[in-house]
Every structure is written in structure tokens, then in C-alpha cells.
Amino acid sequence: MVTYEVLQLIVFPGALFAICLAFLYEWVDRKLFARVQGRYGPLYTGPAGIMQPVADFLKLLSKEDIVPRACDANLFFAVPVMYATLPLATLFMMPIAAPEALIAFDGDLIFILFAFGMMTLIIFLAGWSSASRFSAIGSVRSALQMLSYEIPLGLVLVCPAIAAKSLSVSGIVQWQAANATLGAALQPIGLAVTMVCLLAELELVPFDIPEAETEIVAGWRTEFTGWRLALFRLGRDLEVLLVAALVASLYLGGAQPLWLIPATAMFVVKTAAVVMVFSFVRALFARLRIDQMISGMWKYLLPIAALQVVLVQIGVGV
Amino acid sequence: MGYASTVKMPFGPQHPALKEPEHFLFELDGDTVVGVTPRIGYVHRGIEKALELSTYGHGLYLAERICGICTVAHTCCYTQAIEELMGIEVPPRAKYIRTIMSELERLHSHSLWVGLVAHEAGFDTLFMYAWRDREAILSLFQEITGGRVLHAINTLGGVRRDISPELADKIRCTMEYFEGRVKDYRRIIRTEPTFLKRTRDVGVLKPSDAAKLDAVGPTLRGSGIKEDVRRDDPYIAYDEMPFNVISSDGCDVFARTEVRVEEMMESIGIIRYALDRMPAGVFRVRAPRNAPAGECVSRVEAPRGEDMHFARSDGTAKPERYKVRAPTLANIPALCRMLVGIHVADIPIILAGIDPCFSCMDRMVVVRGGRASGTLQSKRDV
Amino acid sequence: MVVNWARSGSPWLIHFNTGGCNGCDIEFVAAVTPVYDVERFGIKLQGSPRHADILAATGPVTSQIAQSLRRVYDQMPSPKFVVALGTCAVSGAPFRNCYSIQGGIDSVIPVDVYVPGCPPRPEAMIDGIAKLLQRIRGAKK
Amino acid sequence: MSIAGEALKQLRRRPCTIRYPVEKAKVPNGFRGMPVWDMQKCILCVLCQNACPPGAIRLIGKGPDAEIEYLLDRCIFCEECAEVCPKRAIAMSHRFELAGFDRSKMAFRFRKDRQVQGQHDAPKTSDSTGKG
Amino acid sequence: MDATEAVRLMCERLGEGVLDARAPRPRRAFVRVRRESFGEAIKHAVLELGFSHLMAITAADAGEELEALYHLVCMDATVLTISVRVPKGDAVLPDMSEVLQNAAIYEREAREMMGIGFDGLRDEAHLVLPRGWPSDVHPLRKDRTYDDLAKIKLELERV
Ligand code: SF4
Ligand code: SF4
Ligand code: SF4
Ligand code: SF4
Ligand code: SF4
Ligand code: SF4
Ligand code: SF4
Ligand code: SF4
């Protein structure tokens, strides 16, 4: 039995499955983004370019590893590893193959929120450890940005929890199934705010301020090469998957089987939809400036998020 | 780190926001720029010397390579100067063809620029669309001249290739398509809130400063001053063309964008007019090898502003002195003025705002700020 | 095998103008945009030399830029390749005699593929890069 | 958001990309590609050498041994040589796929009786030249 | 103001200071002045005649002397070129950035390329051209041949 659980953790629906899905979504994102711009996107690496993220990953693994002299060697080693493992570990708390996640406990939603905060902290460390000006600016921007979206995000994410009277993602998924309803239908405002905050969390346009290529090269990642960069990219892809899974679970019913369709398939369809919305939206905007972004978040998003909380309270109370 | 009292931040020579190698040293106070030291000269190739050492015919190809974006402007300016020295009159048909080429170049250059400014603002989709549509102009170039970017069409005494009636129809047809696209850009840049947020009130250049610091081209016209060599000092066939000089009172990056987009509409009008009224006849006359002694100043409105060449001949087959002053250099003092007191994140978009093309600027510039002291003169007024 | 496949399937480029006339540069950027779209090959433009595999250099090398070019090249992690785009980058041609020009890209760093043209059409650039990729794919370990 | 309409339209359309190495590139008539020599016509008058701005053409030797050397790595494809040739022995071909690994193979020598070539195959003069 | 008018007014004001004045075609005027009258000529043109836009300064090598040509433009797009010659041994002109705000950038260029000094021009520090270029070599002087410059170039490469 233990081997079965280990297998679950490592292969399906655990690490391996998550990594494959993460790579697939990177491809979906690049492809859709390219199509919006009237291009093909990756085309020749694997059928329709589907192996592109894998090729990128393998290539980076095979590249020379450069450690800048000025940087903190220990941190420089630890940061990429943490950046890749944290979202992977958090994914175990997402219901993927069944409405019940591999690891589910009351309060895992809080842990997930904490993980998002941690990701930003790691980014900050990454920029700081590489002792380069661009990286430092990138990481400071990243931290500033986090301060502005974390609070509205936390506010709206507890709304489904209040409605379902459960602080566990699995619990919220099951509550939606039991009541034959969707979070999105009950809390459309919450969904919208979550999407905006998560765009910021993922550092996508219009909030890709910490990575603004034309301003600060590649932001906090500027100095990383080889396997470190590969792990960053993997961690990034996993983060996208995590975010998509979170939206799918809290608002779209998550991994519930529908008639004959297994839960996993529903999960994949829903997360893919979320990823596609993200990549479509990021094609439509110009990048904001950090001060504009922060003031916008505080001025508009926070009140809306608060409004959503009040609405949910009223709904639950009645 | 990075946020101490004043830090120095280098920008370039290899930097994704600059497709060309230039170096700016910014002095930052927190997130605000308090000083700028441009350090140019990375693209200095020594063209002026080379021009003086090559024959008039060979020099044409060097003039063309002062810059790959306004090649027509530079070759127009060059041929105009040398033709004046040689005392040859270009046939009217050649003048019309040069006019059409100049305006096509303005279209391609401005749409390239719309794409770039969008790119600097992180608006990649608009960048892709603008560059996709620009390809229509490049294929026209290719059909007319045989080259997409360097056209080698202007020559001493006229142009090397004619525009046939079929080609003229093709140009009209492309103009039809392009007009629609330009209207679309105009709508997008005026309504996209994130883009407006990044360009409105950014990089302000007051009209009095623009005039005093001698800004040129859309940078000047974006500050509400209507000056355009095409109208004020008409060359080739511009004295026969009806068009408006566009200006905008915004004085910011958005105003400069607007000026360029509106100019594209005017250019389309000029091309149509010129195609309809193209005089018949030869399009090239023979140019002599040598030019009698003399000197002349030749001016052209390049897409980025006034371009000036000065030529002096001594009766031989090579110019005695050839001097080029391209638009970007003229805009540098104004640029430095705009860059002081702004937010770091706005640097790329302001730089892009003047449409800096350093390859022509460095052709001559040797302004290199020294380590501590050297800044451009404009710093003095700040 | 797998490594060569990955390398040839995911070339990331960094663009460096060493003093050219912009002609090559705008054609290079045009190759990224929809009509040519080199992302088909998995090519991505990178801003940081640390992330790049291929240095796409345009223009004759001016004396002033030579050191920067060298530095960017040194910052790239190996295996790295250099593509010289345009006649200037190949040999410095129209400017090769000028006093502040050192010559083509290969006067400073080793070049793998030369793409003549003034400027080369985006197709010619793609052709050059495709030839390089083919060579990488075929490379023995 | 104002670009959304156009973006949605794009999704329904095929990309406008020319899939270049897979599809062949279309080059219009009059395109200035690599110049090619028809040595049958050439009279070794050196006008092309003098006209060439970057000095990509050189006449080497004298009399029957004379050869024309063409340096591809210097050519700027300006068409001056083709224009100046009194015998129309030079034509701008449509060849643009000129990339090579070795610069020493970018020099071509043409002789009146035979054509000595570098890395590229002998450019046939019938090879889709711009102006026949 | 048209070209002939500008030439006439310049001659009237400077009198003996003008060595040569021509208006070869509409909107182009060339006035060559004596060194002593140079400052006055520029000030007169800029402040009184309205030629307030400085297009460029061309430095030229005229054998024994160096020449500086100031290309000024007025509102009617007339280009007035005021030129002045100074001997090579004593090639110094006053800095004009008092009246022409953007003159410094062109003056520095002239100094770097041709070796004309400008009295009062700040930013004396450093040399022209590529890093390490000898400050007494002005590439645009006629006595600088290509071979000569190429030797310097080679030296630079070695560094
Ligand atoms: S400003 Fe224009 S010419 Fe200059 S690097 Fe950017 S794109 Fe090229
Ligand atoms: S930058 Fe100017 S002075 Fe320098 S080589 Fe080029 S043309 Fe000559
Ligand atoms: S401003 Fe200069 S570099 Fe820029 S496009 Fe025009 S000529 Fe070229
Ligand atoms: S090869 Fe031609 S287009 Fe390219 S940089 Fe040189 S001169 Fe310009
Ligand atoms: S071809 Fe012309 S230039 Fe050559 S020898 Fe004959 S007449 Fe003279
Ligand atoms: S095309 Fe121009 S550069 Fe090439 S060989 Fe002919 S004349 Fe010389
Ligand atoms: S004319 Fe020819 S030899 Fe002289 S500098 Fe130009 S390209 Fe070089
Ligand atoms: S100009 Fe024509 S005929 Fe004369 S040498 Fe050249 S190719 Fe031969």
C-alpha cells in the first residue's frame, strides 16, 4: 500500500503528471499567444511544437553553469531548487484525479496563500543573491508588487471558503459538487478579482513589471544560467499550473467527474481554459508602471474584494 | 541594494530596449532620474572621412548606409547636394519617384516606430501587428527597387528604376489596405487605457524648450511647433504636393505617437496624389564624374526630423568636405532635458519617444561624457 | 543525441549591433515578427547574454564596441554560437577601411555562420540559422 | 482591451507567416540577389571593378589567364556592376540563401574559358535572373 | 527673411568684417567673416535677424587654416551659413552656447574631429572617438591619411 501511495506521489497524479501538464500548458500559452499575434509559435519541435518546453528544459540542463563571482553561492544554489519544489509540493494539495487531493487538511487554503507569499520571497532572494543591478531592481519590484496584490487576493480567496464553510480546497470542491453549483456563478466578482491578482502573481502583462525586458533585461533571473534557469522555468510553469488549478477548484468546480468523463479530464479541461484566458488577456495590454499598479490595486481592487467578502457574509447569513 | 541615495545605473551598450549599442549613465535618486550622461560613439564608423575619400558615385552607397531606416532620406539629401554642385537638373519624373519613395519610407519608419514604442510599453501584440502590416510596405519596396531595406534607387541624376503603371496600381492597392490599418492603430492608441497611462504626461518637453534646444521632427511637432522641411524648404516634388503639417499640443510621448500616426495618413495622401500626377518622360540623366568647385547645404525631412548635409567640392571626383547632421543628434539635448526628473520605468519609452537611431547620430558625434564631469550641455540648463 | 536534439530545438538568440546601419537590425527584428516568426524553430530573443545560445551580431565592429562584444560573448554560457548577419558583420565591407572599424565580427570573436547580404532578407537570416541548427543536430557528442 | 476585436479575428484566421524553409520564399522580379557572371560575354573591361563601391570585384592576371574575382563576403548587392557592364555579362540573380560556415569559400573566380567556383554551385546564368 | 536680404543685412552691420557673401539660390546664404567679427556676426544673426536654430557646425580643413561653418536657420527656412577661418596654429573660437543653446554638442564634435578649440566650452576632459584614441589626432584633417589612421586603429586593437 505504501508503494501505491509513493507511486501516486511520484507518477500520477503527483510530480510527473504535474510536470508534464506544466510543460503542456507552457506550450498552450505560447501557442495561443502567438496565434493572437498572427503567428504560429513553436512549430517544428515535436508535432506542432508540443515538445518545445521539454527541449528548452533539456537544453538548459546541458548548458554551462556560470556562477557570478559576486554572488552568494549557497543562496544561488538553493534558490532555484526551492523555486521549483515549492509549487510542486503545493500542487499535492490540489484535487487533480479525484475531488479529494493527495494531501488535504482543513487549512490548506491558507497554506497555499502562504506558498504564494513564499514564491515572492524566493524571487526576492534570487534577485538579491545574484548581486546584479537589474536583478536587484527586479526583485524589489517583485516584492512591492506582492504587497499590493496579496491582500485583495487573500480577501477574495476566503470567500469560497466562507461559503463552503471549509478552509480546505478539497472541501470547497466537494461542497460545490454537493450543492451542484459553481463558485463562479455565486461569486463572479470574486473570480474577476482573483484573476487580476493572479495575473500579478504570475507576473504577466500588464503586471510583468519585475521582468520588464525593455527596462531591466530579464529582471531577477538575469544572472542565472544552465540548470538553475531550467529549474526557474519549470517552477514558473508549475506555478502557472498551480494558479490554474486553484481557480479551477475554487470557482469552476475542480476535479469532479461529469457523467462518464473522469475527474482528471475535467480538471485538465478546466485548468486549460484558465491558462488560455490568461494568455489571451496578457496579449491585450501594455505594461503598467509599478506605482500605477500599486495605486490601482489599493484604490480599486481592495474595495471590490472587500465588497465581495461582505456579499458572501450576507449570502451565508441569510 | 539599488535604492541607496543616488546610484548610477548604466543603460547599454547592450540592452534589450535599445536595438543599437549606446550607453547612458543614469543617476538615480530612489526611482527618480536626477542626471543623465549619454556616452555615444559606439556606432561611429567614420563615414565622413570615408565619403571624402570616395568618388561621388561610391559615396552614394556610403550615404545610403548612414542608416538603414531612412536610407531614402539620406540618399535624397546626398544626391540633392551633389546634383546642386554638379549643376544638373533632375527630370520631373525622377522627382516624383523620389517623393513617393520618401513617403513610403516615412510609412515604414513610422509603423516600425509605433511597434517599437508599443514594445517598450510591454504591448507586444501591437508591436507584432504593426510590424506585420509594415511588411506590406517592404514588399512594395522590393518590387520597386529590388531590395527590402536598402533600396539603391536614388542615383546622381535621377532614379535607377521607374515605377510602371502596374506597379503604381499595386502601390495604390497597398495604400488602401494600409490606410485601414493606420486608422486601426489610431483607434488603439487613443483608447487603450494601459497604453495611455504609460504615455500621457510622460517625457514632457515644453514648446519653449523644444524650440530653444532645437529639437526636430515629430519630437518638435509633438510639442506643438509646426515646422517641417517639406513645407518650409521644399525639395524634390514637395512644392507640388498638398499636405498638412501635423502637430500636437500634448508635449508628451503620446503626442509624439499621435503626430506620427497622423503623419502616416498624410503620407498616404501624398503618395496617392503623386501617383496620379506623375509626369511622363525620362527618369535619369547622366551625371558627370567631377563637380566644379562650390558648396551647398541640403536639407531633407527624414521620418525622424530634419536631416542636413553640407558638401563642398573642389573640382575633382571626390568631395572636399562632406558633413552629415542627422536628426537623432539634434534631438539629444532635448532628450536629456526630458529624461531628468522622470521615473526609471519610463526611461525606455522616453528614449524610444524621440525614435533614436544612433547609427546616424554617431556618424559624427563624439560627445562622450567623461567619467565624473562630462554631461551634455543641456545638463547645464537643468 | 537527445542533447543535440534539445539544443537544435531550442536556440535562444541575443542580438547585438556592433555599429551597423540598422538595416540588418530591422530585418533581424522583422524575422521575429509574424510574417517570418522564427519562434517556429523555438527561437526566443533573450535580453541577457546569460540566457542565450546564439549571438546574432550585425554591423562592422567599431573600435569602441569591440570590448563590449567580447564581454557579451564571454558572458554567454557554452556551448555558444555566433552568427554574423550582414555583409558588414561578415567582413566589414563598405566600412572596412574606415579608421574606427576593426573589421567583421570574426576580428573579435569566432564566428560559426556567415550570412552575406546588405541587409540579408529575413529568409536569408533564417536560412543561416537553419544551417547552423542542422549542424548542431548532426554534431557528434 | 481595444485590441481585443483584432485579436479575436486573428484567432479565426490562419497566421500570415511564410513558413520559410518549408515553403519556398517568393522573390519578385528585379530582386537584387547575388550577381552572376556570364563569362561568354565578358570582355574583361574592368568597368565593373571600378564601379563596385566596396571593392568586391577584382580583375586578376592578364591576357588569357585573366580571372575575375568576386568576393561574396564584401558584396553589398547594389547592382552597380550589372548596370555598368557594357556587354550585360553580369546579372543580379535571385539567389539569397548565401549563408556559409567558411569565409574563405566566399570568393569566386571566373575565367573566360571555365568557371572556378567556391562553395556554392556554379550559378547558372539561366538561373531565374531578374532581367534575363 | 530671404537669402539676399539676409546677406544685405549682414554686410550692412559688419561692414569690413565680411570677406565674402553670397546668396546662390533662394533660401541659401553664405557669409564668410573675419575672425574678429565672428562673435558679433553670430549674435547679430541669431538675436536680431532671427536665425535662431543652429542646424550644425561643420568644421573643414582649408589647408593652412581651419574653417568652422555655422549653419543657422530662421523661421522662413532660410539657411544662413556663417563661416570663419582660423590658422591651424591658433585654432580657437569662442563658445557660442550663450546664444545657441545646443551649440556645445556640435562644438565638441568639431573639436574632436578637426581640432578646433572652443574657448569656454566645458567638458574639456577626455578624448574623442574610440577609447584610447590619441587626443591630438583629428581624423578629419586632410593630412590624416587612411594609412595613418589605420596604424592608430591597429594600435587600438592591440590594447
Ligand atoms: S530606435 Fe530604431 S533604429 Fe534605433 S535601435 Fe531602436 S529600432 Fe533600431
Ligand atoms: S561617424 Fe561620422 S565621422 Fe565617424 S566615420 Fe562615420 S561619418 Fe565619419
Ligand atoms: S534618424 Fe538616422 S539612424 Fe535613424 S533612421 Fe534616420 S537616418 Fe537612420
Ligand atoms: S550589412 Fe548593410 S544593412 Fe547590414 S549593417 Fe552593414 S550596411 Fe547596414
Ligand atoms: S568596353 Fe568600353 S570601356 Fe571597355 S575597352 Fe571597350 S570601349 Fe573601353
Ligand atoms: S552588386 Fe554592387 S557590391 Fe556587389 S559586386 Fe556588384 S557592384 Fe559590387
Ligand atoms: S569607397 Fe569603397 S573603398 Fe572607399 S571607403 Fe567606401 S567602400 Fe571603402
Ligand atoms: S564590366 Fe562586364 S564585361 Fe567588363 S569586366 Fe565586368 S563583367 Fe566583364
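Residue numbers begin at 1 in each chain, while the letters A, B, ... track the order of the sequences. Because the structure is predicted, anything quoted here is derived from the model rather than measured.
Checking side-chain atoms of C/S91 against main-chain N and O of D/D73 turns up a donor-acceptor pair under 3.5 Å.
Looking at C/P120, neither its backbone nor its side chain comes within 4.5 Å of chain D, counting heavy atoms on both sides. The parts of D/F96 that come within reach of chain C are both its backbone and its side chain, each placing non-hydrogen atoms under 4.5 angstrom from that chain.
In this structure, the separation between OH on C/Y114 and CG on D/D102 is 7.5 Å, given to the nearest 0.5 Å.
Across all their heavy atoms, D/A99 and C/G128 have their closest contact at CB-CA, 3.4 Å. Residue C/K131 comes nearest to D/E97 through the heavy atom pair NZ-O, 3.9 Å, listed as atom of the first residue, atom of the second, then distance. In terms of heavy-atom proximity, D/F77 sits nearest to C/T87 at CE1-OG1, 4.1 Å.
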*Does the pair D/F101 and C/V113 meet the rule for a side-chain contact (heavy atoms from CB on, under 4.5 Å), with working shown?*
CA-CA 5 Å; D/F101 297 105; C/V113 177; 3.5 Å; yes
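Counting heavy-atom pairs closer than 4.5 Å to chain D, the top residue among C/P119, C/P122, C/G117, C/A130 is C/G117. Of all the listed residues (C/C88, C/G86, C/A124), the one sharing the greatest number of non-hydrogen pairs under 4.5 Å with chain D is C/A124. Counting heavy-atom pairs closer than 4.5 Å to chain D, the top residue among C/L85, C/V111, C/D106 is C/D106.
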